[in-house]
2 protein chains.
Amino acid sequence: MRLKHVKKAEEKINHSTYLIKEPQQYKGNFKSLFQNNNEIHIEIGTGKGLFLLQMAKTYPNINFIGIEKYDSVIVRAIEKIEENPLDNLRFIRMDATNIEEVFDHEINTIYLNFSDPWPKDRHEKRRLTSSVFLKKYDTIFKDKKHIIMKTDNRHLFEYSTISFVKNDYKIDDISLDLHKEQTENIQTEYEIKFSNLGYPIYKIEVSK
Amino acid sequence: MRLKHVKKAEEKINHSTYLIKEPQQYKGNFKSLFQNNNEIHIEIGTGKGLFLLQMAKTYPNINFIGIEKYDSVIVRAIEKIEENPLDNLRFIRMDATNIEEVFDHEINTIYLNFSDPWPKDRHEKRRLTSSVFLKKYDTIFKDKKHIIMKTDNRHLFEYSTISFVKNDYKIDDISLDLHKEQTENIQTEYEIKFSNLGYPIYKIEVSK
């Protein structure tokens, strides 16, 4: 059953024009894919896509790309966009470790929402905010580097804040209990579920 | 009654050898006061002194100075140290805005514990972590600049984190729920009271 589901998901994804099948061929030229010069924002670990679907609807003059490594979740994002087409949103199925092979100085903002905390010390390098990843991002940002991160994981947030600053980012904004703020906030699936339980959501916005 | 109490407090403070009456006379030479070359750590807004009294007992090879502007609270610190004398702890009664007139490149660490949050925007400059104060501290630190801050006030913590980084500090350590960590922590009076209510205590340690 499980295998059958995955196979179906894979088929559905591969037939969609919203999935960029060979992203490397656009490297340095993703604007040709969108056929405009608008900013390009990416979300790494886009899951079922709720956040980017809402962002793309809210900000039609920004192009969005969602990156996700698992067929079984990205298929939900593809299904939703097929139902409600959006010109300014595409998806890539890949592991983020290869991100610098796909983009070249063309990204304006990276969103990291509820990333895997990889709590064990020996897995530090796998965290999407480790120095290893921040150095990869340096090569994909257009000019100003801009990252917006949300998480419910206190340790990942503490770690990431230190890591951003160590890598010369300044902090534009920080919130230690996002849902108590009066600011606009487009939520992820995970965020809705988690904040309903009463736990704080942490957010940090950095740039350099 | 109130006036009588304050007068009594003032008398008690002024008779104590633990109060440095004319701190300016030691400017640049506080080591002569302690008669050794040990590090000098200061707490700004020392209140009733519980934190520094414990720190001074725990770290006999560090000299501590507590700064407090109100007679009515510093008298409690003076009473306690008179009962349990400590060679490595002194107090100064003054407003921290004058701090650069008292110290000159001789402080190793500044502690800011549960400082007044001054929540109104127009009072930003009064916050002990505003750029105004951080620039004053630059002139009192010996070489490496090192600040350790604790607070229960989320907005002050968010503001301070941004301010430290804007002023080129790196973050050595950060905790968004100190009492859930397994680390050693000497508490202030305020901290004991507040954390007993179940609220998180925030801590950040920065240096440059």
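Every chain is numbered from 1 and lettered A, B, ... according to where its sequence line falls, protein lines coming before strand lines. All of these numbers come straight from a predicted model, not from anything done at the bench.
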Enquirer: With Phe103(B), which residues qualify under ring pair (Phe, Tyr, Trp, His ring centres under 6.0 Å), at least two apart?
Expert: Phe30(B)
Enquirer: Write out all chain A-chain B donor-acceptor pairs shorter than 3.5 Å, or none if the list is empty.
Expert:
| from | atom 1 | to | atom 2 | distance (Å) |
| --- | --- | --- | --- | --- |
| Arg154(A) | NH1 | Glu181(B) | OE2 | 2.8 |
| Glu158(A) | OE2 | Leu176(B) | N | 2.7 |
| Val165(A) | O | Lys170(B) | NZ | 2.8 |
| Asp168(A) | OD1 | Lys170(B) | NZ | 2.9 |
| Lys170(A) | NZ | Val165(B) | O | 2.8 |
| Lys170(A) | NZ | Asp168(B) | OD1 | 2.9 |
| Leu176(A) | N | Glu158(B) | OE2 | 2.7 |
| Glu181(A) | OE2 | Arg154(B) | NH1 | 2.7 |

Enquirer: According to side-chain contact (heavy atoms from CB on, under 4.5 Å), who are the partners of Ile162(A), at least two apart in sequence or on a separate chain?
Expert: Ile171(B), Ile174(B)
